[in-house]
Amino acid sequence: MPRYNPKESEPRWRDAWNRAGSFLTPEPAADEARPKYYVLEMFPYPSGAIHMGHVRNYAMGDVVARFKRAQGFNVLHPMGWDAFGMPAENAAMERGVHPKAWTYQNIASMRDQLKQLGLSIDWSREFATCDPAYYGRQQAWFLDLFRRGLVYRKEGVVNWDPVDMTVLANEQVIDGMGWRSGAAVEKRKLTQWFLRITDYADALIEGLNTLNRWPDKVRLMQENWIGKSRGARLIFRVAGEAPEGFESIEVYTTRPDTLFGASFVGVAPDHPLAERMGAGNPEVAAFIAECRRGGASEADIEAGEKKGVFTGLEVVHPFDPARRLPVVVANFILMDYGTGAIFGCPAHDQRDLDFARKYALPVHPVVLPPGGDPAAFRVEDEAYVGPGTLFNSDFLDGLAVEPAKAAAVARIEEMGAGKGATVYRLRDWGVSRQRYWGCPIPIVHCAKCGPVAVPAEQLPVELPDDVAFDRPGNPLLRHPTWRHVACPQCGGPGERETDTLDTFVDSSWYFARFTDPTAAEPINRAVADYWMPVDQYIGGVEHAVLHLLYARFVTRALKDDGLLSVEEPFAGLFTQGMVTHETYRVSADGRWLTPSEIEPRDGRLVESVTGLPVEIGGVEKMSKSKKNVVAPEEIFDSHGADASRLFVLSDSPPDRDVQWTASGLEGSWRLVHRIWNEFDAHPADPFIESDDQDADRAAELHRLTHRTIKSVTEAIEGFRFNSAIARLYEFLNALKTWPVEASGPAVLGARTEALSALARLVAPFAPHLAEECWARLGEEGMVVEAAWPVYDPELAAENERVLPVQVNGKRRGEIRVVAGASAAEVEAVALADAEVRRYLEGMSVRKVIVVQDRIVNIVAG
RNA sequence: GCCCCAGUGGCGAAAUGGUAGACGCGGCAGACUCAAAAUCUGUUGUCGAGAGACGUGUUGGUUCGAGUCCGACCUGGGGCACCA
């Protein structure tokens, strides 16, 4: 019996699919009866080589794509490259390779590797975001947004990554470090381009309610990130003589109910009032300078120390004109949240309390905890933030917190001292990057006209090729000619914007471009209307806030721009887990070793070269630094793409991390061969001579086949690929009950049916193998063209049931009944069962609970 | 600190409130082999010779019945974090 040889078989079938054009997307109009299905995996960054995480991601998407295609859907399953970004420039600086050459070379080799996986991708739609044809269209819609006021420029304090020498968005700063470089981020004042994502804050929250095929976790993370809070803006009038333009201070609060507990008003160090007061007060100026020193504030935040300085100003309490509150500048107040100013209520806010204790400000409790004694209640080291009843609060006395908030806001509005307000944590999206390898921002700066949009006929604004990377920083700024152009408006001397767009802009609309990647306009609306939204999007959870929020925003902005019809880009989202692996270090010196550098020797692990003992470390995400990576190419070479795909899908649920193990891969390798052997053993002509007339046994296999079709289909639909593969194993194990050698025509016929179904059930997971099996069975055409097997619900249901019988909740026996037997029948059988009667001896039956086709429980005592 | 999620054999894991541990890995025993590898067969939660008992992080509850639902706690993971 020849062994199945993936090395020979896999390229042959990929070639056959290619020649047949199996994965070209059908034209929508050609077959409108077929429902559309758009399946997309997050496109890769062309780093140079695919890793196991890609294998898992694209294997999952391919299961869905092949499954839906077999079910008769019109499937769009494209692939492209998220190709702009820092690593290309790093390569240029380190190795003198041009970013463009580096990127396109990487794309070429990764494309080859991905193709080895046998993905059902329509490669004719491929593009890279660094293609001028793509980023030129991006510039076009960017300018549409610019004209509509969704793009603006402002000077602001930005996150500056000193290693990458560029600005980062808030979403890209993780624990104070740049998301890519890992360097401590500094504060800098720069003029930047922003996208008005905050205009869509409410819509982006509301939209989450419609995304019922998204993980709750991701929706929650986005909701928290947008951070909607309801409260009030409130004006405090400055008492006595006020500096010009600062007659009042507007604060934002979510606790207007605690206003009677106020003991100070504070502003952020960046607040205009702080700067104004600093002008005439060296102490204030020194404090502001200290806060500005940026880096230092990191340590302060860790320590949580609340510091501030008194400005000497006082404000009038809006509800009690006789009361005066000091105005302070404090380090814990953020300029870009709310109004950059607060009123401090130490009794009911921990930060305010810490501050008040340090500067000996009064603490007035105004919310009494349930059951508290108003005379005895004190706030010591901990602010009281729980529910309760207002006291010491004039017209609010006796109200609970929520009604008190409403009453306070009503009074404030009545007085004209402010109004109810909603504030978001979300900030506008800073998209300027001081980099070369990105989409140029299509703006010309003119001394006379200001920033002017590049006219449509001059797009794309292409990156110049002749740039030098001998120094850090942005080469566009140093290019001798590129940025010097005439102002499109007045013809006078102008200068191109040298910042490029954040690469997250590139990835926030590529899914729409895939629907017609060669359209003259950015998006061919008629075609996009057919395909959008993406029905199933698959990628890592690390993009829960970044990419997925930006893409939702851009989709809405483009809809309002008339380029798209949908509000949400991704109807279904699946976040897959990572691929992990054991780590290995030399015990003596702690050096990390790759799996290929170690071997077992005398019952322990040693480094192959030196023979030094090796310790097995933690199971962690595959990474170069821990050396625990397994190269997909090597696995394709040794075990084939099908076994690799089966393994990354079979060993853990798709949303959880999967641990790569050599033995697990061997298991999938065995599965491949077991499946093939089953087909190989099946006679080409099933009508062999035999006296076997066992129609009952054939019928049994027939039913098992239908049960398997049902369970595999449901598992794929539910994204339980590990369970789907387990059902395939069960089916194979069960097939041993019907061996070819002992089968007559009836059973062989049932076997043919079983194998025909099996080939199709295997196809989404191990497509090359499935083709080989399909051909071996003598079926027509290829599996890719075959319809998904359909099960007969009646056959899929068991006709006989084995029901466990419990006595007082403990399993005491089992009975066999026909499926659907009535409670009375089942009860009679159960009570007649000898085993059960033994347990009932000396007891009287009080109650019998029968759950149809499930269980019997006899309550006795 | 706040918000989420998860704790099940030696390991990865299954289980619409209804036989806990499907399926895989590993282990053990056997077949084939001069031998090994590969392959195949059987077996494998714990205790117990057996009958049986006990078992899903801990603990309390709801229920005829709880891995699953509810309360408290413990542990691990993730997100957010001077957000007023």
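Per chain, numbering begins at 1; letters A, B, ... match sequence-line order. Only this structure's heavy atoms are used, side chains among them; waters, hydrogens and symmetry mates stay out.
Y359(A) and F264(A) have their aromatic ring centers separated by at least 6.0 angstrom. Checked against the 6.0 Å centroid criterion, the rings of W660(A) and F647(A) qualify as a close aromatic pair. Aromatic rings of F731(A) and Y729(A) (six-membered ring for Trp) have centroids beyond the 6.0 Å cut-off, not under it.
Contact between the side-chain N/O atoms of Y729(A) and the OP1/OP2 oxygens of rG24(B) is not found at any separation under 4.0 Å. Close to rG65(B), at under 4.0 Å from its OP1 or OP2, lies no side-chain N or O of R854(A). Here K810(A) does not reach the OP1 or OP2 of rU19(B): none of its side-chain N or O atoms lies under 4.0 Å away.
Using a 4.0 Å heavy-atom criterion, one finds that L671(A) contacts no nucleic acid atom at all. Nucleic acid contact for N722(A): sugar-phosphate only, since backbone atoms but no base atoms lie under 4.0 Å from a heavy atom of the residue. Looking at heavy-atom distances under 4.0 Å, Q659(A) makes no contact with the nucleic acid at all. Using a 4.0 Å heavy-atom cutoff across all strands shown, L334(A) reaches at least one base atom of the nucleic acid. At a threshold of 4.0 angstrom between heavy atoms, the contacts of S229(A) are confined to the sugar-phosphate backbone, with no base atom among them. No engagement by K228(A) is indicated, since no non-hydrogen atom pair under 4.0 Å with the nucleic acid exists. Here R846(A) lies out of heavy-atom contact (under 4.0 Å) with every strand. As judged by a 4.0 angstrom heavy-atom cut-off over every strand, R838(A) is placed among residues touching the sugar-phosphate backbone only. Nucleic acid contact class of V856(A) (heavy atoms, under 4.0 Å, all strands): none. Counting non-hydrogen atoms under 4.0 angstrom, R801(A) reaches nothing in the nucleic acid. Backbone-only engagement by Y839(A) is indicated by non-hydrogen atom pairs under 4.0 Å involving sugar-phosphate atoms exclusively. Counting any heavy atom pair closer than 4.0 Å across all strands shown, G664(A) reaches no nucleic acid atom.
Straight-line distance between the P atoms of rG77(B) and rA13(B): roughly 16 Å, to the nearest whole Å. Remark: the separation of the P atoms in rG9(B) and rU59(B) is 15 Å, to the nearest Å. Taking the C1' atoms as reference points, rC25(B) lies 25 Å from rU19(B), given to the whole Å. A distance of about 15 Å separates the P atoms of rG18(B) and rC70(B), rounded to the whole Å. One C1' atom belongs to rU16(B), the other to rC11(B), and the distance between them is 29 Å to the nearest Å.
Inspection of the R846(A) and N808(A) side chains reveals no N or O donor paired with an N or O acceptor under 3.5 Å. In this model, a donor atom of one side chain and an acceptor atom of the other lie less than 3.5 Å apart for H639(A) and E666(A). In summary, the side chains of D428(A) and T198(A) do present a donor paired with an acceptor at a separation below 3.5 Å, with no hydrogens or angles considered.
Remark: Y252(A), T253(A), T254(A), R255(A) in residues 252-267 of chain A come within less than 4.0 Å of RNA chain B through at least one heavy atom.
Ionic pairing of R674(A) and E678(A) is not present here: no N-O contact between side-chain nitrogen and carboxylate oxygen is shorter than 4.0 angstrom. Contact check on D349(A) versus R255(A) returns no salt bridge, with no Lys/Arg side-chain nitrogen under 4.0 Å from an Asp/Glu carboxylate oxygen.
Counting distance only, with no hydrogens placed and no angle test, the side-chain atoms of R674(A) and the base atoms of rC40(B) include no donor-acceptor pair under 3.5 Å. Applying the 3.5 Å distance criterion, the base of rA14(B) shares no donor-acceptor pair with the side chain of R720(A).
Nearest-nucleotide positions on RNA chain B for N733(A) and I333(A) put N733(A) closer to the 5' end. Remark on RNA chain B: of its neighbouring residues R812(A) and L803(A), the 5'-side contact belongs to L803(A), judged by nearest-heavy-atom nucleotide.
Under a 3.5 Å cut-off, the side chain of R56(A) and the backbone N or O of D657(A) do not form any donor-acceptor pair.
RNA chain B contains the following stems of three or more consecutive Watson-Crick or G-U pairs, with both distances under 3.5 Å: B:1-7 with B:74-80, B:10-12 with B:23-25, B:26-31 with B:39-44, B:45-47 with B:52-54, B:57-61 with B:69-73.
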What verdict does the side-chain contact (heavy atoms from CB on, under 4.5 Å) test give for K307(A) and K358(A), after you've listed the backbone C-alpha separation in whole Å, the side-chain angles of each residue and the deciding distance to 0.1 Å? CA-CA 8 Å; K307(A) 289 190 213 167; K358(A) 178 158 177 158; 4.0 Å; yes

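With respect to L234(A), the side chain to side chain contact (heavy atoms under 4.5 Å, CB included) criterion is satisfied by exactly one of T339(A), L259(A), V265(A): L259(A).
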